Amino acid sequence: MSQQDKPVTRLCSHTLTSLHYRDANLVEDLLGKTTFTEVMLMQILGRTPRPVDMRIADMVLVVLMEHGLTPSAIATRLIYMSAPENLQGAVSAGLLAVGSSFVGTMENCSQLLDRILAAQDPDAEALAIARDCKARKAPVPGFGHHLHKPVDPRAYKLLELGEAEADLSGAHIGALKRLSAAVDEVYGRAITINATGAVAALLGEIGVPTAVMRGFAVISRAAGLVAHIVEEQQSPSGRYIWDVVEEAISYVGNAPHGDHA
């Protein structure tokens with residue numbers, strides 16, 4: 001392999017006396033002068049973030065951090081109960097649940113927004129998406145919530161704050177609203193935009209590529225899962241969760257088994 005063909009990195013360099021994140025000196029340029037969010041965006045987006053980028057990113061990170069005893073939190077608590085010496089393993093177990101069904105669905109929604117934005121007739125494309133989901137009896141990514149009804153309050157607050165930002169184009173938010181109108185028309189009732197749908201639009205507004213969006217959920221939820229471990233240390237629930245499952249799910253085979261009654 002020639003030198004020209006070898007992989008390269010632009011993320012970090014170091015010497016015996018210095019460390020750089022991209023081209024910024026960690027000690028002289030970043031420490032005490034920047035926030036975590038600013039440096040995170042610089043590293044991920046490869047550019048100096050604008051104030052609006054940091055405001056949007058902070059909102060997204062806050063809204064995705066926590067939602068109670070979700071599958072990710074339960075997984076973290078159970079793994080921590082099993083291996084309390086391995087905090088990072090417990091957090092990692094919870095992060096594996098950040099996917100296309102929970103927490104990480106902004107990626108699925110953003111794919112639909114990309115289609116609408118690229119279409120010659122955005123309204124027709126939005127209707128086609130809604131009709132296809134209904135025909136397949138599949139949920140529309142970014143819409144509906146089993147806990148928040150009739151609307152997901154997080155989503156509409158995020159969109160309100162995003163629309164108030166003069167430095168955003170509004171294109172992705174507009175695409176989400178087109179899709180929302182199409183979903184309501186096709187299903188014949190109002191279906192709420194959910195938090196991850198709003199997150200998809202807002203991250204799109206600040207230039208986060210669709211394939212990267214789930215990473216923001218991973219970063220945010222990791223902090224929330226550390227908090228679950230703190231609570232597990234102070235008031236353990238892992239064994240209780242295990243006992244509840246043992247009690248609730250009965251063995252129905254022919255082998256001898258204990259009486260849960």
Side-chain angles (χ1 to χ4, degrees), residues 35-45 49 52-77 79 87-88 90-114 139-149 151-165 168 172-173 175-176 179-180 192-232:
T35 66
F36 173 83
T37 304
E38 184 176 357
V39 177
M40 177 194 72
L41 288 173
M42 178 188 77
Q43 291 292 91
I44 292 174
L45 298 180
V52 66
D53 299 326
M54 290 184 282
R55 289 193 294 272
I56 294 297
D58 271 327
M59 288 192 291
V60 166
L61 293 171
V62 169
V63 85
L64 294 175
M65 184 182 297
E66 182 60 75
H67 208 291
L69 288 172
T70 58
S72 58
I74 292 169
T76 287
R77 287 176 181 253
I79 295 302
L87 182 149
Q88 71 275 21
V91 173
S92 298
L95 292 179
L96 291 175
V98 175
S100 60
S101 294
F102 295 103
V103 193
T105 55
M106 70 285 296
E107 181 179 317
N108 311 53
C109 182
S110 183
Q111 291 171 352
L112 303 182
L113 302 186
D114 289 341
V140 184
F143 291 83
H145 202 283
H146 69 294
L147 295 177
H148 298 299
K149 300 178 184 298
V151 299
D152 183 339
R154 303 168 299 169
Y156 294 89
K157 185 63 175 181
L158 286 172
L159 294 173
E160 174 190 331
L161 292 168
E163 289 180 311
E165 294 284 358
L168 300 181
H172 288 79
I173 294 174
L176 181 64
L179 183 55
S180 179
T192 185
I193 300 170
N194 62 37
T196 53
V199 164
L202 292 188
L203 290 180
E205 290 287 343
I206 64 172
V208 177
T210 295
V212 177
M213 288 185 183
R214 195 170 290 168
F216 283 75
V218 170
I219 293 166
S220 174
R221 189 51 62 98
L225 294 176
V226 171
H228 275 273
I229 288 177
V230 171
E231 189 168 80
E232 194 67 18

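Every value quoted in this text rests on a predicted model; they were computed, and no experiment measured them.
Heavy atoms only, all atoms of each residue included: Ile79 and Ala93 are closest at CG1-CB, 3.6 Å. Closest approach of Ile229 to Ala90, counting heavy atoms only: CD1-CB, 3.8 Å. The two atoms that bring Gly68 and Ala73 nearest to each other are O-CB, 3.5 Å, heavy atoms only. Listed here is the closest heavy atom pair of Asn108 and Pro141: CB-CB, 3.5 Å. Scanning both residues, Ser72 and Gly94, for their nearest heavy atoms gives CB-O, 3.1 Å. Taking all atoms of both residues into account, the shortest heavy-atom contact from Ala97 to Pro71 is CB-C, 4.4 Å.
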Residue pair Val199, Met213: steps toward the side chain to side chain contact (heavy atoms under 4.5 Å, CB included) verdict: CA-CA 9 Å; Val199 164; Met213 288 185 183; over 6 Å; no
Candidate pair Ile56 and Leu168, rule side chain to side chain contact (heavy atoms under 4.5 Å, CB included), full reasoning: CA-CA 10 Å; Ile56 294 297; Leu168 300 181; 4.0 Å; yes
Worked check of side chain to side chain donor-acceptor pair (under 3.5 Å) between Asp152 and Thr192: CA-CA 6 Å; Asp152 183 339; Thr192 185; 5.9 Å; no
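Every residue two or more places apart in sequence or in another chain was checked for a side chain to side chain donor-acceptor pair (under 3.5 Å) with Ser220, and none qualifies. Gln111 pairs by the side chain to side chain donor-acceptor pair (under 3.5 Å) definition with nothing, not counting sequence neighbours. Not counting sequence neighbours, the partners of Glu232 by the salt bridge (charged side-chain N to carboxylate O under 4.0 Å, His left out) test are Arg77. For Thr76, the side chain to side chain donor-acceptor pair (under 3.5 Å) test picks out no residue, with sequence neighbours left out. Gln43 is linked by a side chain to side chain donor-acceptor pair (under 3.5 Å) to nothing, counting only residues two or more places apart in sequence or in another chain.
Rounding to the nearest 0.5 angstrom, the gap separating the NE2 atom in His228 from the CZ atom in Arg221 is 7.5 Å. From Glu160, atom CD reaches atom CG of Leu158 across 10.0 Å, with rounding to the nearest 0.5 Å. To the nearest 0.5 angstrom, Leu176 atom CG is 6.0 Å from Leu159 atom CG. Atom OG in Ser110 sits 8.0 Å away from atom CG in Leu203 (nearest 0.5 Å). Phe216 CZ to Leu61 CG: the interatomic distance, rounded to the nearest 0.5 Å, is 7.0 Å. Rounding to the nearest 0.5 Å places CE of Met40 at 5.5 Å from OG1 of Thr37.
For Glu38 (side chain) and Pro49 (main-chain N/O), no donor-acceptor pair under 3.5 Å exists by modelled atom type.
Within the 4.5 Å cutoff, no side-chain heavy atoms of Leu202 are placed close to those of His172. In this structure the side chain of Ile219 reaches within 4.5 angstrom of the side chain of Ile44, judged on heavy atoms. Here the side chains of Leu64 and Thr196 are in contact, with some heavy-atom distance below 4.5 Å. Leu112 is listed as a side-chain neighbour of Val140, based on a closest heavy-atom distance under 4.5 Å.
Sorted by first and then second residue, the salt bridge (charged side-chain N to carboxylate O under 4.0 Å, His left out) pairs involving residues 54-72 (not counting sequence neighbours) are Arg55-Glu165.
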